[in-house]
Amino acid sequence: MYEDLKYAVSDRLCQLGEAVLPARAAYACPRLLDGLWVTIELLAISSIVGFVISVALAYARYARIPVLAQAAGAFIYIFRGTPLLAQLW
């Protein structure tokens, strides 16, 4: 159902844009909108996962169990101290 809605919206937007867009842009419109949808989906999923992990680590960091607090603190220390590009690689 979600896929049908996604493709219906993409098709309608491309139809509306055909009058305004040049021929090459109108030709590429469905693929560009598919890429936009994938980007939005990845943004939403990664934001939710990142929020859940950060809240769990925050609670673990201030836990009364020393091993759990130290493990969370070490994880945070390592990830805060490395550049983002190194983490992605």
Side-chain angles (χ1 to χ4, degrees):
M1 180 174 169
Y2 172 71
E3 294 293 322
D4 295 336
L5 175 65
K6 184 170 76 168
Y7 290 127
V9 170
S10 295
D11 289 342
R12 183 67 181 141
L13 285 174
C14 287
Q15 288 173 354
L16 291 173
E18 283 178 358
V20 181
L21 296 173
R24 294 190 91 183
Y27 174 75
C29 183
R31 287 191 173 188
L32 290 173
L33 288 177
D34 286 343
L36 176 67
W37 283 116
V38 169
T39 302
I40 292 171
E41 290 169 352
L42 287 174
L43 172 73
I45 291 168
S46 62
S47 296
I48 292 168
V49 169
F51 178 76
V52 169
I53 290 172
S54 66
V55 169
L57 282 173
Y59 280 123
R61 180 75 176 100
Y62 293 105
R64 294 185 180 179
I65 303 168
V67 174
L68 184 62
Q70 289 173 352
F75 182 83
I76 293 169
Y77 178 78
I78 290 169
F79 274 92
R80 282 178 124 187
T82 58
L84 181 60
L85 189 59
Q87 292 174 15
L88 292 174
W89 188 17

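Around the CD1 atom of Ile40, the shell of radius 6.0 Å holds more than 12 heavy atoms that belong to other residues, nucleotides or ligands.
Using a 4.5 Å heavy-atom cutoff, the side chains of Leu32 and Leu36 are not in contact.
Shortest non-hydrogen contact noted between Gly35 and Thr39 is O-OG1, 2.8 Å. Heavy-atom minimum distance, Ala72 versus Arg61: CB-N, 3.8 Å.
Hydrophobic cluster membership is shared by Phe79 and Leu57, with clusters built from Ile, Leu, Val, Met, Phe, Trp and Tyr side chains linked at under 4.5 angstrom.
Distance CZ/Arg31 to CG/Leu33: 13.0 Å, rounded to 0.5 Å. Between Thr82 atom OG1 and Tyr77 atom OH the span is 11.0 Å, to the nearest 0.5 Å.
With respect to Phe51, the side-chain contact (heavy atoms from CB on, under 4.5 Å) criterion is satisfied by exactly one of Val49, Val55, Ile53: Val55.
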Working for side-chain contact (heavy atoms from CB on, under 4.5 Å), residues Asp34 and Val38: CA-CA 6 Å; Asp34 286 343; Val38 169; 5.6 Å; no
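Residues passing the side-chain hydrogen bond (donor to acceptor under 3.5 Å, both in side chains) test with Gln70: none are found, sequence neighbours excluded.
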